[in-house]
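Heads up: the structure comes next, in structure tokens.
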Amino acid sequence: MVERNAYLDDLFGSLADPIRRDILRRLIDAHYTISQIAEEYDISFAAVAKHLNVLQKAKLIVKQRRGKEQIVSISPAALKDASHYLQQYEALWNTRFDALERIAKEQ
Amino acid sequence: MTKATVTAPEGGSTIGIERIFDVAKSKLFKAMSDPKLIEEWWTGPGYNITVEEFTPEEGGKWRYVQRSDDGQEFVFYGVVHEFGPDRVVQTFEFSGLPERGHVILEKMELTELEGNKTKLHVTQAFFSNDERDGMLASGMEDGMNQTYAKLEEVAKNL
């Protein structure tokens, strides 16, 4: 049973937008400043900042101030959660397929 | 013990599930083709599965009812496109969603391996990356209903 909470709502909401998913993909192996991220998209700086706020609220990214700039990086917890869902699905099929193998052997 | 591996290519709209079974292909196919046996291996912790309809032929229908211990009832159902010992192709729908139209196309391929083993590879094709990830996030459990509803509600407001 998937737990219903505000955290999950934010997580799903964040991932439903293609630009936010793209930002997350960029952040998987690098850190960027907000300006650097904004340069990559044909939308306004304010719009990019808004997307980043949504991602931050969902705890998918973290912002750290370094001098005048803010450095954006992916939150380790976010990556763990995504792989957790895959593992859950795997667990469902493992249970099912273990039973299938046992029953097939009896035939 | 052999484990099922689930793969979901990033940005894609398919899920692959693969498992090597330590049993001959003919026996595995039988366990996948007999309604009574399907009920046994689809039933899991906290719920029972009843096969209400199962016509394993082109154009046939399948319909499995899942009743949870807490009284919830969901239906998994679809139409069979092909049902052979090497390949099963069918559609897959879930009654717990807030609306129709979220149909998955499922292909199950059975390959005989040396030493009386069989590889089963399942491919599930969704309409979009969003639909696939929503389904993965739900874990296909009871929460899928609410999760999907919420996901859509949130997505509509973006």
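Quantities reported herein were computed from a predicted structural model and do not represent experimental measurements. The chains referred to below are lettered A, B, ... by the order of the sequence lines, with proteins before strands, and numbering in each begins at 1.
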Flag if over 12 foreign heavy atoms under 6.0 Å of CZ, A/Arg66 | no
If you draw a 6.0 Å radius around NZ in B/Lys61, do more than 12 non-hydrogen atoms from other residues or ligands fall strictly inside?
-> no
Count the heavy atoms of every other residue, nucleotide or ligand shown that sit under 6.0 Å from NZ of A/Lys50, and state whether that count exceeds 12.
-> no
By a 4.5 Å heavy-atom criterion (distance strictly below it), what part of B/Asp34 contacts chain A: side chain, backbone, both, or neither?
-> neither
For side-chain contact (heavy atoms from CB on, under 4.5 Å), just list the numbers for B/Leu37 and A/Gln107, CA-CA rounded to whole Å, side-chain angles, deciding distance to a tenth of an Å, and then say yes or no.
-> CA-CA 10 Å; B/Leu37 300 177; A/Gln107 302 312 305; 3.7 Å; yes
Separation between NZ of B/Lys30 and CD1 of A/Ile103, rounded to the nearest 0.5 Å | 11.5 Å
What class does the angle between the rings of A/Phe97 and B/Trp41 fall in, given that below 30° is parallel, 30 to 60° is tilted and above 60° is perpendicular?
-> tilted
Among the clusters formed by ILVMFWY side chains lying less than 4.5 Å apart, do B/Phe127 and B/Leu105 turn up in the same one?
-> no
Are A/Tyr32 and A/Phe45 linked, directly or through other ILVMFWY residues, by side chains that come within less than 4.5 angstrom of each other?
-> yes
Nearest heavy-atom neighbours spanning A/Ala104 and B/Leu28 | CB-CA, 3.8 Å
For B/Glu109, look at atom CD and say whether over 12 heavy atoms of other residues, nucleotides or ligands are found less than 6.0 Å away.
-> yes
Decide if atom NZ of B/Lys27 counts as having more than 12 heavy atoms of other residues, nucleotides or ligands within a radius under 6.0 Å.
-> yes
Distance (rounded to the nearest 0.5 Å) between B/Trp42 CH2 and A/Thr95 OG1 | 13.0 Å
Chain A contact via B/Ile17 - which portion, at a heavy-atom distance below 4.5 Å = side chain
Roughly how far apart are B/Ile15 CD1 and A/Glu90 CD, rounded to 0.5 Å?
-> 11.0 Å
Nearest heavy-atom pair of B/Asp22 and A/Glu101: which atoms, and what distance?
-> N-OE2, 2.5 Å
In terms of heavy-atom proximity below 4.5 Å to chain A, should B/Ile38 be classed as side chain, backbone, both, or neither?
-> neither
